[in-house]
*Asks:* 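Please read through the structure below; I'll follow up with questions.
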Amino acid sequence: MIPIKILLIILSIVFNAQTAFAEKQARYLFGALSLPSKQSPNAFGSYSKGCLAGGEEMLESGPTWQVMRLSRDRNWGHPDMITLLKNLSKSVAKKTSWNGIYIGDISQPRGGPMISGHASHQLGLDADIWMLPAKNLNLTQARRESISSINIRSKNKKTTNSNWTNEHVDVLKIFAKDPSVDRIFVTAPAKIYMCKHEVGNKDWLQKIRPYWGHNFHFHVRIKCPKDSKLCKTQKPSVQYLSKGGTGCDETLNWWITKALEPVKIDPKKDKPKQKKHPTEYMMNELPPQCMSVLNNK
Ligand SMILES: [Zn+2]
């Protein structure tokens, strides 16, 4: 028999360890794992607050793609995303002069918050595609660490520059037209260009959403997989945001006017409360299923 006092001490140690774990910033726990969980594929939570079970690796090179910055170990995604990237990179090689795509960050092996950078990319359902046309698909690993993408936006941030080509439009169109794609984030001048120059059916432009940055890469987000019951669909939808149209409207202008003006801070008013950045979530703020994803051996 263990004396009751000792039992209580043991219990309190176990309890404290559990609590400490739950209160740890999730990014350090997810960022330390180099393999996916051995569970069936499942995305838990939202794009900026969740994790991924049963992640699949995007092979570092394939017939129509190369993964860049392999040292980051962010070439993991939900199998739906991996399939999409393989298929659509093939379409890019077929329909444009690019030989495929250069892929930036997808997710960590088990998704979750990252030590640095992105707010989203936590479910294995987001992927960054470089604006640099993928012409050479034989880049060495070392070269893929040092090479940079290209900026397609002018210095004053109001238009595209000479790096932007109709091939970029074709690549974006291939991604936007895929039914599993929820939305694509790109710098506003690129969307403005496409709204102005696209002829024929413009419906696909609805999924192209203007966003901060995204002038060196565009960001593809796919919908929640049907069998990921706890994956949260992003709201508002692109239909809502573009009032059922293409989003080629007055809201675009804001990005190249007001959004570029310096922010005026009124010292009389209280500082607005800073929202926690998604990379700073504690373990117990993520969906509870993420604990089992993290602990899966
Ligand atoms: Zn991204």
Side-chain angles (χ1 to χ4, degrees), residues 26-27 30-31 43 45-52 55-58 60 65-78 80-86 88-89 92 100-134 144-145 147-153 157 164 168 171-172 174-176 178 180-191 207-225 231-235 238 241 255 259 277-281:
R27 57 177 163 170
F30 279 97
S46 63
Y47 296 92
S48 301
K49 199 182 204 178
C51 61
L52 169 70
E56 187 182 327
E57 185 173 21
M58 186 72 198
E60 59 146 291
W65 75 86
Q66 281 203 295
V67 177
M68 314 305 276
R69 306 280 189 270
L70 285 156
S71 61
R72 293 159 75 99
D73 198 25
R74 293 175 177 175
N75 53 321
W76 299 82
H78 186 284
D80 285 8
M81 175 54 102
I82 304 303
T83 305
L84 177 103
L85 291 171
K86 287 179 179 170
L88 296 191
S89 64
V92 167
I101 52 172
Y102 290 144
I103 300 168
D105 286 356
I106 311 172
S107 286
Q108 300 177 130
R110 300 185 193 201
M114 295 179 184
I115 289 173
S116 63
H118 313 280
S120 65
H121 288 257
Q122 296 196 21
L123 302 181
L125 304 176
D126 293 288
D128 291 338
I129 312 295
W130 280 24
M131 293 293 188
L132 178 67
R144 280 180 272 161
E145 293 295 330
I147 195 173
S148 293
S149 187
I150 51 165
N151 179 11
I152 54 90
R153 189 176 64 189
K157 302 186 179 176
W164 174 255
H168 287 92
V171 173
L172 279 157
I174 287 167
F175 277 87
D178 191 284
S180 65
V181 169
D182 179 71
R183 65 193 71 197
I184 294 169
F185 298 114
V186 74
T187 183
K191 170 128 187 177
K207 287 189 192 171
I208 308 280
R209 296 298 308 164
Y211 208 64
W212 305 103
H214 295 86
N215 45 318
F216 283 86
H217 70 260
F218 64 92
H219 175 139
V220 180
R221 170 165 297 168
I222 62 171
K223 295 171 182 162
C224 283
C231 174
K232 286 190 190 155
T233 301
Q234 191 179 346
K235 296 222 176 83
V238 289
L241 289 168
W255 290 94
H277 190 266
T279 53
E280 294 169 348
Y281 288 130

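Ligands are counted one by one from 1 in listed order, and the atoms in each one are counted from 1 as well. Basis for what follows: all heavy atoms, side chains included, without hydrogens, waters or symmetry-related copies.
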*Asks:* Looking at Arg27 and Ile115, would you say the former's side chain and the latter's main chain have a donor-acceptor pair under 3.5 Å?
*Replies:*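 Yes, the answer is positive, given that a donor and an acceptor are paired below the 3.5 Å cut-off.
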*Asks:* When you measure from the side chain of Asp182 to the backbone of Arg221, do you find a donor-acceptor pair of N or O atoms at a distance under 3.5 Å?
*Replies:* no
*Asks:* Is it true that a side-chain atom of Gln122 and a backbone atom of Gly111 form a donor plus acceptor pair closer than 3.5 Å?
*Replies:* no
*Asks:* Hey, is the main chain of Ile106 close enough, under 3.5 Å, to the side chain of His121 for a donor-acceptor pair?
*Replies:* yes
*Asks:* With a 3.5 Å distance limit and no angle check, can you tell me whether His168 reaches the backbone of Met131 through a side-chain donor-acceptor pair?
*Replies:* yes
*Asks:* Hey, is OH on Tyr211 packed in by over 12 heavy atoms from elsewhere, all under 6.0 Å?
*Replies:* no
*Asks:* Sum up the protein N, O or S atoms located under 2.8 Å from the Zn ion (ligand 1).
*Replies:* 3
